Amino acid sequence: YRVTERVDKKKFYACSMLPYPSGKLHMGHVRNYTINDVMARYLRMKGYNVLMPMGWDAFGLPAENAAMKNKVAPAKWTYDNIAYMKKQMQAMGLAIDWSREVTACKPDYYKWNQWLFLKMLEKGIAERRTQVVNWDPVDMTVLANEQVIDGKGWRTGAVIEKREIPGYYLNIVKYAPELLEHTLTKLPGWPERVRTMQENWIGKSEGVRFAFTHAIKDVSGALIGDGKMYVFTTRADTIMGVTFCAVAAEHPLASHAATSNKALATFIEECKKGGVAEADMATMEKKGMNTGLQVTHPLSGEKVDVWVGNYVLMSYGDGAVMGVPAHDERDFAFANKYGLPIKQVIAIPAAQFSSETWHESFGDKQSGVCMNSGKYDGLTYATAVNAITSDLVAKNLGEKKTTYRLRDWGISRQRYWGTPIPMILCNTCGAVPVPEKDLPVVLPEDCIPDGSGNPLKSHAGFLNVACPKCAKPSQRETDTMDTFIDSSWYFMRYCDPQLSTAMVGKGADYWMPMDQYIGGIEHAILHLLYARFWTKVMRDLGLVKFDEPFTKLLTQGMVLAETFYRKNADGSMEWFNPSDVDVETDAHGKPVRAVLRSDSQPVMMGGIEKMAKSKNNGVDPQDLIDAYGADTARHFTMRAAHPEDTLFWSDAGVAGSYRFMRRLWDFAQKIAPQIQGIKPGAHADLADALKAKRRDLHATLQKATFDIDRLQYNTVVSAGDILLNALTEMKGDDAHTRAVIAEGISILLRVLYPVTPHLTFALWKQLGFGENLLDAPWPLVDEAALKQDNITLVLQINGKTRGELVVPSAADRAAIEALAGVAPEIARYGEGRAPKKIIVVPGRLVNIVV
RNA sequence: GCCCGAGUGGUGAAAUCGGUAGACACAACGGACUUAAAAUCCGUCGCUUUCCUGGAUAAGGGGCGUACCGGUUCGAUUCCGGUCUCGGGCACCA
């Protein structure tokens, strides 16, 4: 399966999202790589030069968790897992070019993460600033969102706090306009749903940024924020309806007010409790407290109260929002809760405004016009926004602004098992980049994390280094990079895996952009967006010549399985694998109770979720491969569902795939002597029954070809069943029959080869069709075999199927209408009425409307 | 909470552009083969038998049926509006 950059063939680069080496393959992997393998083998039969590589997303949190649990170094754990999973992949018979294997935790790979990071620093795309993280006050460590459960640390149970620390950011927002435009224009080969999700994630919004004014001074006597409190709104037409403002707990005005207000200081502290995940922020109870400060409305000149709101985030825009309760649902709820005034400024024709209950139309900007807004009364949305904006501009207090929901990419992780960020922290010079010649900054592989912070902080060999600028003793940055960086460009490294002088080279020029990318729908936003951004940065640095890395995308559906758990006395959760649990079902097959097999005690059912390490619900396909072989596992996985659909795991039906394998084998053994030396293919003067049989075979082949081209592999597998059924039904032993059987089995073996390569390869050789099915051509449909004298149309009366109509296949619309007009079904079902209209769908049906 | 999907027999599913709903399988049931079992092979398999013909729960016909409610159309699993349920993502799981 090794491939080179040959120019005599058309290239095709088909790649799966690289796996995290969690220990064993699970069914999601098997599904992903089998899809990839079917595609690769099929396209090779079609004459393409096909690259199918594989690698390892080898850095990440699970290795550290395993280290804590088993006291094994993450490096050893990771390398052991890779070795095991690679063996499993080989047992599956995947057509992988292993000479191109990429392992993200090896210095020859992550060196280039560091190198590109330094280039981004030079270009101003990367920068150091503060970030907000989940802080566990007991373990004194930063936690991932996954490690925060109900606002508490997963190991300590301590209430998590938000904490600001320094970190590095990549300026992806700068690329937002291009990412958005290319989502819409350059990704026709992507699923619509993924493009929509990315579009919404980038979230362009056009609005107005403007300032409320004030004269509030800090302790040093300086005006806070130069006397301006900025907010952003997409609804400038409602500015005259502002009845309060809300700022984040970290906003300078909030801090200032808290110095003389104990209750407020307590409230601000409370706002810092809990994690940083957006879902938590969005679902928590909205709370606020009046700061006692007031700012001046820039247009009305009225005084407006400033509140602190726990739902306002300092990291979004300016950390302050205007409150218009009459026309914003969240502000409406907030105002009702705290008894704030509600001022209607948009006349709503469709609904009666009520200050008690919210109605969707209160926020409708399409139909309403301004009211209670002075000179803006009567203006519609667009004209009001324009008029208000020009007044704000004239006062030098605002301007139109396009903002994005997308936030810059924070890449610093306070963790050991990742790419070291190549910076040196000098007491004199500050944060100094590691000189390019000193790359890679090698991560020591002998650390064992214990859950209480980053072990690099106490690793003298790693930590201590001379400052590149002033040569004084300094310390390395101990933060490592987000592992999304590793997965943002590995697919390019597959093209030049051994290149030591550059990140990418001629191989990437040949293979990229990737023709087909395959991976789980759960990566629809983050991974794919980061990879697109990283590619554009590489392009801007002159490393590659294309804008988008993935021409076509197949988002494989998730493999889901039931989860089972017990809550331990200390509140922690223990998850049990479905294979260790017996489930009792009710009469409808719904699970009602589950029992752990080892101790016969009940376990809780945690619902159906994606197979994942964290919930221990991944099903190991090894049992399947051991019991039935790789072909059965592949056949079953492809048969079970359309590649893009969610698959609820159940192994019922595996026996059917195995049975099919055996039927095929037995049939081939039976006919082997009969078709010895017979030339497969069309013979003149076949009997009608054999002609019909050939028509069936080629019609099925036509359908299979159509389906394999549109990546609908489940029905390609079905076509294999249909072909075998058709062949086993055949009786007779004359030369014509033998020729049709030989033709049929040669089609069947090639149609199924991409799915079940081992069995079909052996039979292809045994039956004397050739030495190497791997490079046999995909079978061609014999159009002549499909021809028929008559075709049968469906006959409908008033849209209900009432019979059939046999017409000559050459009959035109008028001829069919004439035949249909005298159909006896009209009298039978037409209730005595005459045909009013006859609808003819060529090749399909006739509908007579009476 | 917000964004994106999905929902079809007992089960997994199919139906290429709006045109015969349930291909192909699994399970189940009935039969053949066998001393017996396994394996294999053949057959039945959406609901309705208080809708009709029939002695009949055989057979045939009719009606209903693609989560639910409504709409567009000669015709809707497919398009539109709404609802429910389930799944994915929400920026430090990968």
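Just so you know, these numbers use all the heavy atoms, side chains as well, and skip hydrogens, waters and symmetry mates. Residue numbering restarts at 1 for every chain, and letters A, B, ... go by the order of the sequence lines. Everything quoted here is computed from the prediction, not taken from an experiment.
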### Task
State, with a plain yes or no, whether a side-chain heavy atom of A:W135 is found less than 4.5 Å away from one of A:V142.
yes

### Query
In whole angstrom, what separates A:E522's CD from B:A6's C1'?
16 Å

#### Entry: Which residues share a side-chain hydrogen bond (donor to acceptor under 3.5 Å, both in side chains) with A:E609, sequence neighbours left out
A:K615

### Task
Would you tell me if any nitrogen or oxygen in the side chain of A:R405 comes within less than 4.0 Å of OP1 or OP2 on B:A91?
no

### Message
Quick one, A:Y658 with A:F636, criterion ring-ring contact (aromatic ring centres under 6.0 Å, His included). Give me CA distance, side-chain angles, the key distance, then yes/no.
### Response
CA-CA 8 Å; A:Y658 186 56; A:F636 172 66; over 10 Å; no

### Task
Side chain of A:L61 only, please: which of B:C90, B:C93, B:C92 is the nearest?
B:C93

### Message
Using a 4.0 Å heavy-atom cut-off, does A:G410 contact any base of the nucleic acid, only the sugar-phosphate backbone, or nothing at all?
### Response
sugar-phosphate

### Query
Under 4.0 Å: is that the gap between some side-chain N or O of A:R193 and OP1 or OP2 of B:G88?
no

### Query
Given B:A91, is OP1 or OP2 found less than 4.0 Å from the side-chain N or O atoms of A:N145?
yes

### Query
Closest to the A:P62 side chain: B:A91, B:C92, B:A94?
B:A94

### Query
How is A:R663 classified with respect to the nucleic acid when contacts are heavy atoms under 4.0 Å: base, sugar-phosphate, or nothing?
sugar-phosphate

For nucleotides 15-19 of chain B, tabulate all protein N/O to nucleotide N/O atom pairs closer than 3.5 Å, reporting atom names and distance.
| from | atom 1 | to | atom 2 | distance (Å) |
| --- | --- | --- | --- | --- |
| B:A15 | OP1 | A:R710 | NH2 | 2.9 |
| B:A15 | OP1 | A:Q712 | NE2 | 2.6 |
| B:U16 | O4' | A:R710 | NH1 | 3.3 |
| B:G19 | N2 | A:Q796 | OE1 | 3.3 |
| B:G19 | N2 | A:N847 | ND2 | 3.4 |

### Task
For the side chain of A:D721, starting at C-beta, report the closest nucleotide among B:A25, B:A91, B:C26.
B:A25

### Query
When all nucleic acid strands are considered with a 4.0 Å heavy-atom cut-off, which category describes A:A719: base, sugar-phosphate, or nothing?
nothing

### Message
Hydrogens and angles aside, do A:T563 and A:N617 bring a side-chain donor and acceptor to less than 3.5 Å of each other?
### Response
no

